[in-house]
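Remarks on the structure that follows.
In the text below, chain A, chain B and the rest are named by the order of the sequence lines, each starting its count at 1.
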Amino acid sequence: MELICPAGTLAALRAAVDAGADSVYVGFRDETNARNFPGLNFSRDELREGLAYAHAHGRNVFVAINTYARAGSPEAWHRAIDDAATLGADAVILADLGMLDYAARRHPDLRLHLSVQASASNPEAIALYKEAFGIRRVVLPRVLTIPDIARLNAEIDVETEVFVFGGMCPMAEGRCSLSSYATGHSPNGQGVCSPASHVRYEQRGDDLVSRLGEFTINVFEDGEPAGYPTLCKGRFVANDRASYLFEEPTSLNAISLLPELKAAGVHALKIEGRQRGRAYISAVVRACRQAVDAFEAGKPVPAAALSEITEGQRDTAGAYKKTWR
Amino acid sequence: MSAKITLGPVLFNWPGEVWRDFYFRMADEAPIDTYYVGEIVCSKRAPFLAEHLPAVIERLSAAGREVVLASPTLVTTERERQSVRELAASEGLMLEANDMGCLGLLAGRPHAVGPMVNVYNEATLAWMAGRGAVRITLPGELNRQAIAALAKAAKEHGVELEIQVFGRLPLAISARCYHARAHGLHKDGCQFICGQDADGMRVDTLDGESFLAVNGTQTLSYTYNALIGELADLEGMGITRFRLSPHSFDMLAVARLYRDLADGRRSAAEVAPVLAAMVGDPGLSNGFYQGREGVASVPTL
Amino acid sequence: MDDAERQGRIFETMFARLALTAARPLPPALLQPALDLIVATLRRNHPHAFARLEELDDAEVLIDPVDLPLAFRLRLGPAGVRLRLCRRDGEAAGAVIRGEFPVLLDLLEGRTDGDALFFSRDLVIEGDTAVVVALRNAVDGEDIDLAADLAAALGPFARLLAPARQAATRLHDDLAELHGLLLSPATRRLEGVERRLARLEKKSH
């Protein structure tokens, strides 16, 4: 199985390659990608350098252009696709139908992957993208169980890529406006969820309060592990009870499910976290590399000791297990 | 061309008879041109409506209204796929696709595209038009500028655009049921607890501020999206289809208010306070249209 | 983290503490040339990171090493990056990054994950979160090694660093023995370093 690793900077890309990534995915430093964080991502020159480094080591680089192009001004998205193709990216990861159409027409030789942001969750949807644009791979939304994935793989003829580690949306990706409801900035439009520009941490006595826009997202007691102030990982009151209503501040860790994922026909394993530091990238990629190598050599899959770097310092197998629902 | 007032599908888990009677009453009295019907949020609820669906379609059609069947938002299981395939194979009524799988099955025949499908730009609209889309209801988070650009493209491609102008805005869909979760239940044994909240379950912040509304696997705005003063602006762009999303209070009155507003019998200044009084505490919002956070309420009068 | 790196961290922390304790009574202007030298050296070695920091809107970040006697103010934006010493309770800054000095140094050098530090509450963020994220991303995108960068800048004096590091590590070990017997402020401050080291050792095994 192919191991796909994130990089938000050149240093992280090198760290991912050095730690054993088969492919690295990156984005340009603008709103054309879904991790449009301040100070993160690649200039054209940096992508050229990153491609050279990865290709020298026999690895691939995919460019995520996975936000939805703005009506009236799609130029930045067109330029991103054109430049990725010209610079020699091994694939572009797209979500927007209009941009898939553009890429398929303008760059017929460019390999197209369907982003998780397209949320293609059934064989009919995937068949549509395949037939219309010739996508070669689909990154599956994190709403499917392993039996769902197995059934799906039996019916489609494109490669599937699934997330094995990192931050996890409890909502169907690319179909969520929670962030823009609170801040005006959305993953689909601006490539940001719960953007730092709208986040405030406030000390209230011994408590740490995280706020997003005008809303309190969480209150942490002294010493309690904290999480991102991502809206869906906040604590809210519903039915007279305060709880992590949508999802605990937790990270996906499906490394132990490698045998089941392989049996379900999964082609590639993806690590989330282009916004994370290169120390994270190194540690996670190395652990996943060891797990995949062990599995493919017929040895037991080692448990990855990664709890320190996961959100809330705990993890979950997420939607892969039906009990999550 | 005079504006059309339309009614989106009921998003909430209303008892089957309540659901049926709601449409019966609206069919006879409401100034509504098009009804979108069907269970689009949770496949577990679908059987309750299926029982009454033929009677509702018949009644609405007999009253001279257009009926469009709306497809489910999130389709993952074998059973859900089967229901979409059956829907797509049905003849007679127009279908509205709310997921890409359904859209794929409708290629080559006239169909509508629902607000749960991501149409953010002209290229997407053109691609859909080329495959048979004749009507598109735009996603709720688009701002005025995007809507204006899309309206221009829609005219070129002969596609009708529709905009939700009233009701809680769907913000997210999940495989997980938050209604069940809030009641300590699991989706498989949910006891249809979502039926307790006819307009969604209120979600407050830890500071006691009301924020969102949960409807099973769907999360909506707590505020009621309401474009009132914006209607004339939309008509100026050539958009003449205005969608109301059903709630448990007097939708007949809401429909009449919007009909009057569209016909110029009442002004936005008259309509706004009446709607605000009807929705009460949650209040009205129009932030998305105004290019702000969705929760914002920007004066337009 | 290997032994040499561990020694380096202890040395740097002790050195910084000694330097800042000595500096506390001095007028800040006297120390500014040293800080300017550090920034100029980093700029020379890491132009990409500085280009990113200068692309940002004007902002000031208070960098507050809680185990040191003084804090730093870092100015970002088109007017250029500037580092100044300050009192931690001085004039308010747009954003604050607070943590133990070894933690902050690890963060600067990309040896640790800022998000993880935040989850574990080893790092405290206040104010304009976007500036903090931008700063983190800019430095994380570079292979910064402060000691190596500065050693190169110091030229012949760099040779003095290795024996000094060893001496500092010995001193630290001696102090560690005293730990538990004496609850002096000095040992209390060292606890932070030790906790950090213990965790790093655990990680590297």
Side-chain angles (χ1 to χ4, degrees), chain A residues 68-72 74 95-99 101-102 118-125 127-129 131-132 143-144 148 151 170-172 174-178 180-184 186 188-189 213-219 232 234-239 241-243 245-246 319 322-325, chain B residues 74-78 80-81 84 99-105 116 118 120-124 126-128 139-142 145-146 148-150 169 171-178 181-183 186-188 201-209 211-212 214 219 221 287-288 291-295:
Chain A
Y68 288 81
R70 196 179 313 112
D96 184 275
L97 288 161
M99 294 309 109
D101 191 43
Y102 176 87
S119 206
S121 62
N122 54 63
E124 288 77 14
L128 171 60
Y129 288 103
E131 164 227 303
V143 295
L144 300 171
D148 287 339
R151 265 195 305 276
M171 308 301 183
R175 312 183 78 179
C176 181
S177 308
L178 287 173
S180 50
Y181 181 67
T183 71
S186 73
N188 284 1
E214 295 299 309
F215 298 102
T216 293
I217 299 303
N218 213 334
V219 180
C232 54
R235 233 176 319 209
F236 301 105
V237 180
N239 187 31
R241 207 163 56 93
S243 73
L245 177 63
F246 303 108
K322 202 171 178 221
T323 47
W324 180 81
R325 294 179 169 180
Chain B
L74 183 62
V75 178
T76 61
T77 67
E78 203 46 49
E80 289 163 351
R81 288 177 61 202
V84 171
D99 118 283
M100 288 302 292
C102 182
L103 192 76
L105 297 174
M116 309 299 173
N118 286 334
Y120 276 75
N121 50 59
E122 302 93 319
T124 298
W127 182 82
M128 287 181 167
E141 79 168 9
L142 291 181
Q145 214 176 355
L150 285 160
L169 267 183
L171 300 174
I173 186 80
S174 174
R176 183 179 246 184
C177 178
Y178 303 115
R181 200 167 140 85
H183 285 83
H186 185 261
K187 189 179 177 188
D188 286 340
M201 172 178 62
R202 198 182 76 226
V203 176
D204 293 343
T205 70
L206 292 180
D207 288 336
E209 192 174 358
F211 183 18
L212 301 166
V214 156
T219 305
S221 61
F288 282 133
R292 297 257 313 266
E293 62 278 14
V295 65

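- At a 4.5 Å heavy-atom cutoff, the contact between A/Leu128 and chain B is made by side-chain atoms alone.
- Listed options A/Ala242, A/Pro170, A/Ser243 were ranked by heavy-atom pairs under 4.5 angstrom with chain B; first place goes to A/Pro170.
- B/Val214 touches chain A through its side chain: at least one heavy atom from C-beta onward sits under 4.5 Å away, while N, CA, C and O do not.
- Only the side chain of B/Met128 comes within contact range of chain A, judged by heavy atoms closer than 4.5 Å.
- The number of heavy-atom neighbours closer than 6.0 Å to CD of B/Glu209, taken from other residues, nucleotides and ligands shown, is above 12.
- Note that OH of A/Tyr181 and CZ of B/Arg292 are 12.5 Å apart. Values are rounded to the nearest 0.5 Å.
- At a 4.5 Å heavy-atom cutoff, the contact between B/Arg81 and chain A is made by side-chain atoms alone.
- Remark: B/Glu78 CD is packed, more than 12 non-hydrogen atoms of other residues, nucleotides or ligands lying under 6.0 Å away.
- The backbone N or O of B/Asp207 sits nowhere less than 3.5 Å from a side-chain atom of A/Thr216 that would complete a donor-acceptor pair.
- Interface summary for chain B: among A/Gly72, A/Ser180, A/Gly184, A/Ala172, the most heavy-atom pairs under 4.5 angstrom belong to A/Ser180.
- Looking at A/Leu144, only its side chain comes within 4.5 Å of chain B, counting heavy atoms on both sides.
- Between chain A and the options B/Leu74, B/Asp188, B/Leu142, B/Val75, heavy-atom pairs under 4.5 Å are most frequent for B/Val75.
- Contact annotation for A/Ala127: neither backbone nor side-chain heavy atoms come within less than 4.5 Å of a heavy atom of chain B.
- Under the 3.5 Å distance criterion, the side-chain polar atoms of A/Arg235 are left unmatched by any main-chain donor or acceptor of A/Ile217.
- The candidate with the highest count of non-hydrogen atom pairs below 4.5 Å against chain B, out of A/Ala95, A/Ala319, A/Ala132, A/Pro123, is A/Pro123.
- Looking at A/Ala182, both its backbone and its side chain come within 4.5 Å of chain B, counting heavy atoms on both sides.
- Of the possible donor and acceptor atoms, one in the side chain of B/Asn118 sits under 3.5 Å from a partner among the backbone N and O of A/Gly174.
- Only the side chain of A/Tyr129 comes within contact range of chain B, with at least one heavy atom under 4.5 Å from a heavy atom of that chain.
- If you measure heavy-atom distances from B/Phe211 to chain A, the contacts under 4.5 Å come from both the backbone and the side chain.
- Side-chain atoms of A/Tyr68 and B/Glu141 form no donor-acceptor pair, as typed in the model, at a separation below 3.5 Å.
- The pair A/Arg325-A/Asp148 counts as a salt bridge, with a side-chain nitrogen and a carboxylate oxygen less than 4.0 angstrom apart.
- Judged by distance alone, the side chain of B/Lys187 and the main-chain N or O of B/Ala175 form a donor-acceptor pair under 3.5 Å.
- Using a 4.5 Å cut-off between heavy atoms, B/Thr219 touches chain A through its side chain atoms alone.
- Rounded to the nearest 0.5 angstrom, B/Tyr178 OH and A/Phe236 CZ are separated by 11.5 Å.
- Of the atoms belonging to B/Ile173, heavy atoms from both backbone and side chain fall under 4.5 Å from chain A.
- In this structure, the portions of B/Asp99 lying under 4.5 Å from any heavy atom of chain A include both its backbone and its side chain.
- In this structure, chain A has a heavy atom under 4.5 Å from the side chain of B/Leu212, while its backbone stays farther away.
- Of the residues considered (A/Asn188, A/Asn218, A/Val219), A/Asn188 shows the highest number of contacts with chain B, using heavy-atom pairs under 4.5 Å.
- Interface residue A/Asn122: backbone and side-chain heavy atoms are both found under 4.5 Å from chain B.
- In this model, no donor atom of one side chain and acceptor atom of the other lie less than 3.5 Å apart for B/Tyr120 and B/Thr124.
- No other option in A/Arg70, A/Arg241, A/Glu131 has as many heavy-atom pairs under 4.5 Å with chain B as A/Arg241.
- Chosen from A/Ser186, A/Ala120, A/Pro74, A/Cys232, the residue pairing most often with chain B at heavy-atom distances under 4.5 Å is A/Ser186.
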